[in-house]
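Notes follow the structure.
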Amino acid sequence: MRKKVSIVGAGNVGATAAHWIAAKELADVALIDVVEGVPQGKGLDLLEAMPIAKCDVQVTGSNGYEATANSDIVIITAGIPRKPGMSRDDLLNTNFKIMSDVVSKVVAQSPESILIVVSNPLDAMAQTAFRQSGFNRERVIGMAGVLDSARFRSFLAEELKVSVESISAFVLGGHGDTMVPLPRYSTMAGIPVTELIAPDRLESIIQRTRDGGAEIVKYLKTGSAFYAPSAAAVEMTEAILKDKKKVLPCAAFLEGEYGIDGYYIGVPCKLGSNGIEQIVEIKLTPEEDAALKKSAAAVKELCSVIGV
Ligand SMILES: NC(=O)c1ccc[n+]([C@@H]2O[C@H](COP(=O)([O-])OP(=O)(O)OC[C@H]3O[C@@H](n4cnc5c(N)ncnc54)[C@H](O)[C@@H]3O)[C@@H](O)[C@H]2O)c1
């Protein structure tokens, strides 16, 4: 039996995630959206690409949750994206209502599934999904760090004029202005980038990483990034479906790790078939620790507004 991934929200991120999953032949895909016709049309279009992509997977689109029954993973991208001038936090109240509604319907159909939350503001939406689902923390994971570190890696590879494959990078913290890129754990073939790039240049790359989402919103004007975000959600999906035990930066519900208790925040996680199988704790410098705590305080504030 093939694995099954449902994607709620057949907009830019959701439909592109479906595209990556189908083109990698990872699983059958069920696309869901509130807008009539959109998931059906995109699903059918993608299905018709499969003979050319040489992939045997089913892709369906519908407005009802019956189609999501018994999913292994559900990726939730439903909600509104940012427009120029908006912060991710401006989406809080609208997306909270959408997330609560979506999660209750998803859980009724797929009680054993693993949820990957993408909708913004990410950490508060992951916390909403966790509370609403009643799942254990291993099975409700937020996507942000894979995207933020991919942006950081792209900029570092460009700066050093090397393959993106030679660069690894780590970004911790919340998805937003308070994210914490860790240059000393970011390397070119194992060599810390702090040895290779001048401090002021590195600082401007870090700032560009923090502003990576806004840079694209400014260009697009009517929406936000979706190729890299969907690729990031699918990297997490693949790690889980293939039980890869891959260590990726994900938003996880912390219970004392890193001195944070009761909130979602981006930390290194080992992903396998059970979802988050380990939260990897690393020793932070006092400055990094302070930046992470500041990030957590921002998440806490948002969560208190919506009471999760
Ligand atoms: N975590 C990240 O790093 C990251 C990156 C990019 C985007 N995002 C977020 O992901 C979300 C989706 O972004 P997008 O660019 O795909 O937006 P989009 O507007 O293209 O798609 C969102 C889709 O959700 C649907 N939707 C709305 N309410 C729904 C409901 N109740 N049930 C089912 N579907 C519903 C809409 O009809 C729309 O098709 C946004 O909140 C955005 O901010 C997060």
Side-chain angles (χ1 to χ4, degrees), residues 6-20 30-43 61-65 67-68 74-84 86-106 109 115-129 132 141-152 171 173-177 179 209-217 219-236 248-251 264-266 299 302:
S6 291
I7 301 174
V8 186
N12 280 336
V13 177
T16 316
H19 183 186
W20 293 113
L31 259 181
I32 306 293
D33 203 286
V34 276
V35 181
E36 257 177 61
V38 166
Q40 290 87 344
K42 290 187 180 180
S62 80
N63 303 115
Y65 283 77
T68 67
V74 182
I75 302 174
I76 305 176
T77 75
I80 53 165
R82 286 197 279 172
K83 297 213 167 61
M86 285 174 93
S87 79
R88 294 178 179 91
D89 298 355
D90 292 334
L91 311 172
L92 184 68
N93 289 314
T94 305
N95 284 354
F96 169 65
K97 288 196 197 90
I98 294 173
M99 183 61 63
S100 305
D101 178 51
V102 164
V103 169
S104 62
K105 289 171 177 160
V106 160
Q109 297 292 339
L115 309 181
I116 297 179
V117 176
V118 178
S119 313
N120 274 319
L122 188 275
D123 304 276
M125 288 306 103
Q127 184 116 351
T128 302
Q132 182 75 32
I141 315 167
M143 186 292 290
V146 177
L147 168 64
D148 295 330
S149 62
R151 286 181 172 145
F152 195 25
V171 175
H175 186 47
D177 304 334
M179 75 175 78
T209 303
R210 276 202 194 94
D211 297 337
E215 187 177 1
I216 291 175
V217 170
Y219 282 124
L220 294 181
K221 297 188 180 67
T222 55
S224 55
F226 54 97
Y227 289 115
S230 56
V234 172
E235 185 178 26
M236 293 164 64
L248 293 170
C250 304
Y264 269 79
I265 200 87
V299 174
L302 285 187

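First listed ligand is number 1; within each ligand, the first listed atom is number 1. We use all heavy atoms of the structure for the numbers below, so side chains are in, but hydrogens, waters and symmetry mates are not.
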Looking only at protein heavy atoms, what sits closest to atom 21 (O) of ligand 1 is Gly11 CA, 3.2 Å
So which of Ile76, Leu91, Leu92, Asn120 actually passes side-chain contact (heavy atoms from CB on, under 4.5 Å) with Met125? Leu92
Counting heavy atoms only, name the option from Gly14, Ser224, Ser119 that's nearest to atom 10 (O) of ligand 1. Ser119
Please confirm whether the backbone N or O of Leu31 pairs with a side-chain atom of Ser6, one donor and one acceptor, at under 3.5 Å? no
Using heavy atoms and a threshold below 4.0 Å, how should the contact between Ile80 and ligand 1 be classified: side chain, backbone, both, or neither? backbone
Nearest heavy atom to atom 24 (O) of ligand 1 wins, so pick from Gly142, Gly213, Gly79, Ala225. Gly79
Nearest non-hydrogen partners of Arg151 and Gly213, listed with the distance: NH1-N, 3.4 Å
Are any of the N/O atoms on Leu147, whether in the backbone or the side chain, positioned under 3.5 angstrom from an N/O atom of ligand 1? no
Applying side-chain contact (heavy atoms from CB on, under 4.5 Å) to Gln127 and Leu302, what does each step give before you reach the verdict? CA-CA 10 Å; Gln127 184 116 351; Leu302 285 187; over 6 Å; no
Which residue and non-hydrogen atom of the protein lie closest to atom 44 (C) of ligand 1, and at what distance in Å? Val118 O, 2.9 Å
Which atom of Pro229 lies closest to which atom of Leu147, heavy atoms considered: N-CD1, 3.7 Å
May I ask you to identify the nearest protein heavy atom to atom 3 (O) of ligand 1, giving residue, atom name and distance to one decimal place in Å? His175 NE2, 2.9 Å
Can you find an N or O of Val8 that's nearer than 3.5 Å to an N or O of ligand 1? no
Below the 3.5 angstrom mark, is there an N/O of Asn12, backbone or side chain, next to an N/O of ligand 1? yes
Pairing donors with acceptors under 3.5 angstrom, does anything connect the side chains of Asp123 and His175? no
Side chain, backbone, both or neither: which applies to Ala78 and ligand 1 if a contact is any heavy-atom pair less than 4.0 Å apart? both
Heavy atoms of Gly37 and Asn63 approach each other most closely as N-OD1, 4.2 Å
Heavy-atom pair of closest approach, residues Ala225 and Val13: O-CG2, 3.8 Å
Output yes when Lys97 and Asp101 qualify as a salt bridge under the 4.0 Å nitrogen-oxygen rule, no when they do not. no
Per atom 38 (C) of ligand 1, closest listed option by heavy atom (Val35, Asp33, Thr77): Asp33
With a 4.0 Å heavy-atom cut-off (strictly under), which part of Arg88 contacts ligand 1: side chain, backbone, both or neither? neither
Shortest protein contact, atom 17 (O) of ligand 1 (heavy atom only): Pro81 CG, 3.5 Å
If you apply the rule side-chain contact (heavy atoms from CB on, under 4.5 Å), what do you find for Val117 with Leu122, and how did you get there? CA-CA 7 Å; Val117 176; Leu122 188 275; 4.2 Å; yes
Could you please spell out the steps behind the side-chain contact (heavy atoms from CB on, under 4.5 Å) verdict for Ile32 and Ile7? CA-CA 6 Å; Ile32 306 293; Ile7 301 174; over 6 Å; no
Can you list the ligand 1 atoms lying under 4.0 Å from a non-hydrogen atom of Pro229? 5 (C), 6 (C)
Nearest protein heavy atom with distance in Å, relative to atom 29 (C) of ligand 1: Val34 CG2, 3.6 Å
With side-chain contact (heavy atoms from CB on, under 4.5 Å) as the criterion, how do Arg82 and Arg88 come out once you've worked through the C-alpha distance, each side chain's angles and the decisive distance to 0.1 Å? CA-CA 6 Å; Arg82 286 197 279 172; Arg88 294 178 179 91; 3.2 Å; yes
Would Asn120 count as a polar contact of ligand 1, with the cut-off being nitrogen or oxygen pairs under 3.5 Å? yes
Contact partition for Val38 relative to ligand 1, non-hydrogen atoms under 4.0 Å: neither
If hydrogens are left out, which of Leu122, Val13, Ile7, Ile98 has an atom nearest to atom 14 (P) of ligand 1, that is, the closest non-hydrogen atom? Val13
Within a distance under 4.0 Å of any heavy atom of Leu91, pick out the atoms of ligand 1 and give their elements. 43 (O)
Taking only non-hydrogen atoms of Gly223, do any sit less than 4.0 angstrom from ligand 1? no
Enumerated ligand 1 atoms positioned under 4.0 Å from heavy atoms of Asn95: 41 (O)
Test Met236 against every option in Ile75, Val146, Val118 by the side-chain contact (heavy atoms from CB on, under 4.5 Å) rule and name the one that passes. Val146
